[in-house]
> 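Here it is, the structure, as C-alpha cells.
Keep in mind that this is a model prediction, so the values were computed, not measured. Throughout, a chain's letter reflects where its sequence line sits, starting with A, and its residues are numbered from 1.
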Amino acid sequence: MASYMSMGEAHRRITDYLNRFVDVISYQDGTSLKHLLSLSSESPSFLALADALNLFQDANRLIKQADKYSQYAEIVAPLFRAMQSYRVGHLVESYQAFEKSANAFIQEFRNWESAWALEALYVVVYEIRILAEKADRELASNGKTPEKLKAAGSFLMKVFGVLAGKGPKRVGALYVTCQLFKVYFKLGTVHLCRSVIRSIETARIFDFEEFPVRDKVTYMYYTGRLEVLNENFPAADHKLSYALKHCDPQSEANIRMILKYLVPVKLSIGILPKKALLEKYTLVEYSDIVLAMKRGDLRLLRHALEEHEDRFLRSGVYLVLEKLELQVYQRLVKKIYIIQKQKDPSKAHQIKLEMIVKALKWLEMEMDLDEVECIMSILIYKNLVKGYFAHKSKVAVLSKQDPFPKLNGKPINS
Amino acid sequence: MGFEGAYDDMMNQGGVTDTRTTLDPKSSLEHHTVDPSHAQNPSYYAPPSGSEPASWTSYNLDQHSDPRSVPQASAGTVSSSGATNIEYANYATYPNNDPYGYGNTNYSGYYSSYQQQPNQPYPQQQPSQTYGQPAGAYQSTGAPHQPISSFQNAGSYAGPTSYSTTYYNPGDYQTSGGYPSANYNNTQANSWNQGSYANYGHQYPNYTAESNGAYNAQSAPATSVQYQQDYKQWADYYSQTEVTCAPGTENVASTSTSNLAAPPVLASGYSAPNSQQLSASTAPSSWRPESGLSELPSVQPSAPVNNVHEGYWKQGGQGFQNYTVSSTQSNFQKPLDLNPISGSFQNQQKPEVPQQPYVPYATSHQVAQTYHLSLPPPPPPPPPQTAAPPFDSARVSNVQIPTNPRISSNLSASLPKNSNASVGVTKPAYIGVSLPKTNDNASSHAAADSSLKPGMLPKSLRGYVERALARCKDDRQMSACQDILKEVITKASTDGTLSTRDWDTEPLFPLPNVDLINDSTTPSSLIKNRRSPIRRTKSRWEPLPEEKPVEKQLCYTPSNVKHGGPIYNNERDKQVSTARPENKENKFSNLKFYLGNQKETNKAGLRPAKRQHVGDGRIGLNDGDSSSDSDKEQSLTAYYAGAIALADSPEERKRRESRSKRFERNHGSRSAPNLTKTKSVGGGNLYTRRASASVLANSNSLDDGAASRAVEDIDWDSLTVKGTCQEIEKRYLRLTSAPDPATVRPEEVLERALVFVQDSPKNYLYKCDQLKSIRQDLTVQRIHNELTVKVYETHARLAIEVGDLSEYNQCQSQLQTLYAEGIKGQHMEFAAYNLLCVILHSNNNRDLLSAMSRLSVEARKDVGVKHALAVRAAVTSGNYVLFFKLYKDAPNLNTCLMDLYVEKMRYAAVKCMTRSYRPTLPVSYVAQVLGFQSTDEKNTSGLEECTEWLKAHGACLATDSSGEMMLDAKASMASLFMPEPDDAVAHGDASLAVNDFLTRSLS
C-alpha cells in the first residue's frame, strides 16, 4: 500500500465504493455485491478502501450527502467502521460493526423478492463467522471471555429464519445451516444443531437434492459427524459416504476431513481401508489400527490408541476406535482357530481358554483366565464368535459353520 | 332552587370547577338523553375540550368506572366463567386505580391514561366486550329501556374504546328511545347518568332482554352493580390511596361536611325525601371523596332521589327526562347539591360514619335487592317495618354485596347470594344474567360475609395497616409487612379484638403515614374532604398532587358519576335502613315501578327470575328488619375484615408477593398485578382481589418512590457481608433477603464448623444441612479459597458416600470452577469422580470425550484417574470381570460411585453369560466374577447373595449332582428381567427419599 494517500484520493475511493454499492444493488448484481462485502478477503482494493476510510475519517458525511447513499447508510456506515477497525486490527470492534451492518443487510434482503443477493448473503454469513472467530481469538488473548462466535451463532439463526421459509431464498438455508454447524462444532454446542437439522430434514417443501452440492456435502459431513458421536454407525456411514461421493475430488483437504470420520466408521462395521487410501490422504494415524485389526494385534491397537489419543479424543473418534478391540479379539481367536485347524481339523472348533491367554501373553497382554473368559463370553454375546463357552472345561466351542461371522457393513450387536 | 343554593354552597366549597363539572355531566346527560349518539360521541371523543368535553370526560370516567362495574356485573352474570370474572375484576380494579392516578393528574389525562394502559384495559375490555355484546343484545331487545343503560354502557365501554363503540350505538339509540318511552326508564337513565351508566347499561342489557319491568328490576340490581362497581372503584381508590382509610375517610368527610351542608340541603329541597336524599347524599359524599366532585354525586343522588321521590323529584325518573330535555343541568346540579348535603345528612343521621361508605355500598346493593324485594310485594307497599327488614336484608346483602363488588360480578353474584340466602328465589331475576355463577358467588360471598362480619375493620386498623406498609421501602418489605399484617388482622379477627383493639397505638408498625391519616380523618369541608382523599391517592400515586386539581375534579366528576350510581343505591339503602316512612314510600313507589317492570319482564319470559328476585328481596328485607345502622357498620366492617382476611389467605399472599415483585418499579404496571390477581382469583375471591389490589396499590404507591429505587441500586459489593456470628453450628436456611452479618459466620468459625461437622457422629442429613449452611456463609461472604474447596470437597465426598448425586453434582460443578481458579485441592480425586460420574451416569459420549480430553498428562498418572479410566474402558467394552476387579480395589470413593452402576453391570453380565455359556454355569463363579463377596471369609454369604440376586432377576438355577448351585444359561436366557428397584421412588431418585437417607446414614 502506498504509504501516502491524498485526501482527494481517499474521497474518490470512498465515493467510488459507494457508487458501486448502490449500482450493484440497483442492478441486482449479487456477484459484484458479494465482492463489496467480503471484508476478510483482504483484497488490495479493500485494503485501499480501508486506508482511505481511516484517512478520511468522516465517511458518514459522505454517505449522508446523497440520498442514493443514505438509503443504505445502515449497511454501509457500520461496514465502513468494520473495515476501519479490521484494518487496524481491532477485530472485536470490527465484528461488532460488521454485525450491525449485517443486520441491516438482512433487513434489506428480506425485502428483496428474488434471491439475487443470496451470494452476497453467503458472504455476509461467512464473514461474520470468520470475524467472530478472529474476534474471539483477540478476546481470549486479552483474557476476556470469547463470546462473539456465540453471538454470530445467534445471528446466523436469524438469517436461517429469513431463508427457511418457502420461496427461492430457501436454497440458501443449507449454506447458513452449514455455517451454523461450523459455529456449533467450534463452540462445542452441537446439541444446538438438532433444531436446524430438524427443520432441514422435516420440512419437505424443498427437496434436499435441490440444494447446492457443496452445501449438501458440508451438511452431510457435519451430520455424519454427529452420528459418529451418537455411535449410530449405519447412519454415519451413509452420510459420510454421501459426502465423500459428492465431494469435489480436487479438494483433498475436504476429502481428508470426511475420511477422518468415515474410516473409523467403516472400521467399526468391519470394512478396512486400503493402505494407499490412508497414505494418500495422510491418515496414517489409522494405519496402525488397521494393521492391528488385520493381525489381531491387541497390543498394536492399544498402542495406536494411546499414541494418537489426543487427536482421537479431539476429533471424537476415540470411543469408536476403542470399540474395535472386540474385532481385534475376534481376529486373534480366528487366528488361533486357523492354526488349530491346520494342526488338527477335528478339534479346531474347540478353543481352550489357555490358548488365548497364551496368545495374549505373547502380545504382552497380561490377562487372567476370568478376564479372557469374559472376553470370549462377550465375543459370543456380540455374535463375533459363533458357539458357546463351556465353563467347566474352560473351552470355547465354536460353531462348525462360519464360526467368525463377518460384520459386512453391519455394526456389532450391542 | 333551594337546592341550587345548596348547590351553590357546595360549589363554593367545592369550587367552581366542581360546579362546572356537575353542569357538564348534566349537560352530558342531557345530551345523552336527547341525542344519544351525539352525546355518546362527545363523551367518547370529546373529553378533552369544553364543558361538554368535561362532562364527557366525566362520562368517560364514568364509563371507566362503568366498565368496571360492567365487568363486575358481567362477572356476576358470567361468574361461572371464572376467568372472565377475574378479568373483569381486574378490569374494574384497574380502571379504578387508573382513574385515581389519572384522575388526580388530569381528567383527559385520565382517559389517556386509560388508553395508555392498553394492556390492562384491553383484557378487561375484552371481557367487558363479551359481556357487552350480550348486553348489546339485551339492549336491542329492551332498546327503549336500555337506551339509558346503553348510554351508560356505552360510557363504560367507551373507557375500553372498542366497547364504547359497540355499546355506544345500541346504547345511545336505545337511550333515546327509552327515555321517551318510560319514566322509569328515564329515571333509571338519570340514575345511569348520575352514576354507573355503564353498570346500568350492562345490567340493563340483560334486563332489557327481559323486559321493561325487568329493566326496572334490573336497574335496581344494576344500580347495585354499579354500586358494587363504585364500591370497587372506591375500594380501588381507597386501596390505591389507602384501602382502609378510603372508606373511613369518605365517611368522615361525608359526615363532617354533610353535617354542615346537609341540613341546608335538606331544608332546601328534599325535605320530604330527606331520608332518601340523605341516603343519596351519603352516597354522594362517599363518592365525592372519591371523585372529589360533588356534582357527579349530586347527579347520582338526584337520580336516586328522583326515583325514590318520584313525585318530589320528578327529575328523578321521568322528571329527569323532562329535565334532561329542558334543563337537565339545573336539575342535576340541584340534585348534586342536595346529594352532597344529603350525604351530610346521611352522615348525621347515621352516626356510623365509617360504615357509611360501606353501608352506602351495601345499601346500594341492598337497595337493588330491596327493590327486588319490594317488587314482589309491589302492589301493597310493605309497611315501613317490613321495608326496614328488607333493608336489613339489604344490609345483609350489602355485606354480600361488598364481596360482590370486589368480585366485580357484583350484581349477579350479590343478588343471587342475597336471594339465595334470604329467599333462594331471587336467583331468577338476576339469574337471567348469571344465575349459576351467581349461586357459586353467592355461597362464596356468604362465606365471605360471614367471615367479614366477625372481623370488622376499624378505621384505626386501616390506618395501622397503612402505616405499617408505608414503612416498607421495597417490595419485599412490603410483602413481608403484608403477610405480617394479614396474620395480625386474622388473629385479631379470630380473637374478636379486631374492632376493640386500639390499632392506633398498636406497636408493631410505628410509622404512621401522616398524610394518609390526615386525609382520611380530616373532615374539613365536604368538598375538601372529598377531594382530599383523592388528593391523597394522587399524592401517593403521583408526585405532583397540586398540579392536577382541575383534572382531578374532572376525574372526580366521572368518579362521582359512577359513584352516583352507587350513591343512589346507597341512598335508598340508607333510607331503607333508616326505615323512614317517607323513604319507604318512595322506595315502595320505586318498588312499584319495579314491580310493574318486573311484571312486564315476566311477561316477556323472565318472570320467574324476577319473581324470585322479588321474593328474595322480601326475604332479605325481613331478615334485615332487625338490622340497624350499627348492623350496617358491622356489615361494612365485616366486609372490610373479610376483604382483609381474604387478603391474608396464603393464595393472596403469594399473589401479592408475585405482584409486588412485578411492580417493583413501575407505576404503570400496577394494573398488571390486579389483572394477575383477578385471573388467579376465582369469582368468589373478589374481596381478596380488591383487598389485595388495594394493598398492592398501596405498596406500589409506597414503593414507587425510594423503595423501588433502592431495589434498583443494589450494590452487591456492599452486600458482601462480614460475618460476626460465632456459633459453630448453624442450620441451613435458604436466604430470602440480604444476609444478616449477625447470623453469618466468619471464616475462622467456618473452619471450626467444618471440622466439627467432619467429626460429628450424626447422620448425613445433619451434616448436609450443616455443610450447606457453611457453603452459604462462604458464598455470602464471597470467600473463594482453600477452605471453600475443602468444604465442597467434604460435602461432595459425603454425598458420594450416601449416593446423593444431586448434591454431589452441585459440589462438583462448584469445585470445577474453584479448581479452574487455581485453588488447590484434591483435583485429581475429583477429576476421577467426575469421570466416573460421566461414564456411569450421564452416558454421554460427548461429555465423556471432553472430560477425557481435558485430563492432563499428570492427571492420567493419578491412581484415581487411572482407575476411573480403566472403569470407563471396562464399562464401554462390557468387561464385567474387569469392572468388578476394579471395583474391589478402587481408590478413594470411586467404589461408591461405582456402586451406583453395579446393578446395571451385573445384569448386563448375566445376560451376556446366559447367552454365551452352555450348558450351565456355577453360581459360585458368577458370584465371584460379579463381585458378590461378603466381607466374611469364604464366599458363602456372597454366594447366597448372588443366588438371591439371580433369582430376583429371573435366572433359572439348578443344583447339579455334586450339590453345587448352577445357573442354567439357556433357560435363563429368556427369563431374565430387570426387576423394579425396591426403593423406587415416584420422583425417580431414590437417593432423595428421606427414609432411605436416614437408614443409610444411620446404619
Side-chain angles (χ1 to χ4, degrees), chain A residues 185 188-191 225-232 302 305-306 309-326 328-329 367-397 412-414, chain B residues 838-839 843-857 860 869-870 872-886 888 905 908-926 928-931 960-962 964 966-970 973:
Chain A
F185 271 85
T189 54
V190 288
H191 57 278
R225 281 186 63 182
L226 287 174
E227 297 296 353
V228 172
L229 272 179
N230 296 333
E231 299 192 0
N232 185 358
R302 292 204 174 165
L305 274 176
E306 206 175 314
E309 187 177 8
D310 269 0
R311 187 190 301 211
F312 292 149
L313 278 176
R314 253 184 287 116
S315 62
V317 295
Y318 183 88
L319 298 176
V320 178
L321 295 174
E322 197 186 45
K323 291 207 162 120
L324 298 176
E325 214 174 60
L326 280 180
V328 175
Y329 280 121
M367 287 193 193
D368 63 18
L369 274 180
D370 281 348
E371 229 172 302
V372 177
E373 191 176 328
C374 171
I375 286 161
M376 280 312 293
S377 170
I378 294 170
L379 284 177
I380 295 167
Y381 178 64
K382 303 262 188 195
N383 208 27
L384 286 168
V385 172
K386 266 183 162 180
Y388 64 89
F389 193 87
H391 177 74
K392 225 176 190 176
S393 48
K394 299 280 181 192
V395 167
V397 182
I412 295 170
N413 295 344
S414 51
Chain B
V838 174
I839 300 158
N843 197 25
N844 183 319
N845 283 334
R846 229 175 299 121
D847 290 350
L848 180 55
L849 285 166
S850 69
M852 285 175 70
S853 59
R854 259 187 275 121
L855 291 174
S856 61
V857 179
R860 287 169 198 275
L869 286 171
R872 181 206 60 77
V875 169
T876 48
S877 66
N879 193 327
Y880 47 88
V881 173
L882 187 60
F883 180 87
F884 285 102
K885 268 188 191 164
L886 292 165
K888 268 176 223 162
M905 201 71 200
V910 172
K911 240 175 111 182
C912 176
M913 286 171 173
T914 56
R915 181 84 184 275
S916 53
Y917 284 91
R918 290 292 182 277
T920 55
L921 185 65
V923 174
S924 60
Y925 173 75
V926 176
Q928 177 222 324
V929 168
L930 296 188
D960 73 352
S961 52
S962 64
E964 197 181 0
M966 304 296 280
L967 170 68
D968 186 338
K970 195 170 185 179
M973 224 169 88

> Examine whether an atom of A:D370 lies under 4.5 Å from a heavy atom of chain B, and if so say whether it belongs to the side chain, the backbone or both; otherwise answer neither.
both
> Can you tell which of A:V385, A:I375, A:D368 has the highest number of heavy-atom pairs within less than 4.5 Å of chain B?
A:D368
> Rounded to the nearest 0.5 Å, how far does SG of A:C374 lie from CE of B:M913?
7.0 Å
> Please determine whether a side-chain nitrogen of the Lys or Arg among A:E309 and B:R860 lies less than 4.0 Å from a carboxylate oxygen of the Asp or Glu.
yes
> So what's closer than 4.5 Å to chain B heavy atoms on A:E371: side chain, backbone, both or neither?
both
> Please work out which of the three classes, parallel, tilted or perpendicular, describes the rings of B:Y925 and A:H391, given edges at 30° and 60°.
tilted
> Check step by step if side-chain contact (heavy atoms from CB on, under 4.5 Å) holds for B:R872 and A:L319.
CA-CA 10 Å; B:R872 181 206 60 77; A:L319 298 176; 3.5 Å; yes
> Within the supplied structure, the quantity of interest is the number of heavy atoms (other residues, nucleotides, ligands) at a distance under 6.0 Å from A:K392 NZ; does it exceed 12?
no
> Does B:Y917 reach the side chain of A:E373, with side-chain heavy atoms less than 4.5 Å apart?
yes
> Can you tell which part of A:L229 gets under 4.5 Å to a heavy atom of chain B, answering side chain, backbone, both or neither?
both
> Measure B:K885 against the heavy atoms of chain A and call it side chain, backbone, both or neither at under 4.5 Å.
side chain
> Counting only heavy atoms from other residues, nucleotides and ligands, does the tally under 6.0 Å from NZ of B:K911 exceed 12?
no
> Could you check which of A:I380, A:V190, A:L313 has the highest count of heavy-atom pairs closer than 4.5 Å to chain B?
A:L313
> Which one of B:S850, B:A908, B:P922 has the most heavy-atom pairs closer than 4.5 Å to chain A?
B:P922
> Taking it one step at a time, do A:Y318 and B:S853 satisfy side-chain contact (heavy atoms from CB on, under 4.5 Å)?
CA-CA 10 Å; A:Y318 183 88; B:S853 59; over 6 Å; no
> When rounded to the nearest 0.5 angstrom, what is the spacing between CE in A:M367 and CG in B:N879?
7.5 Å
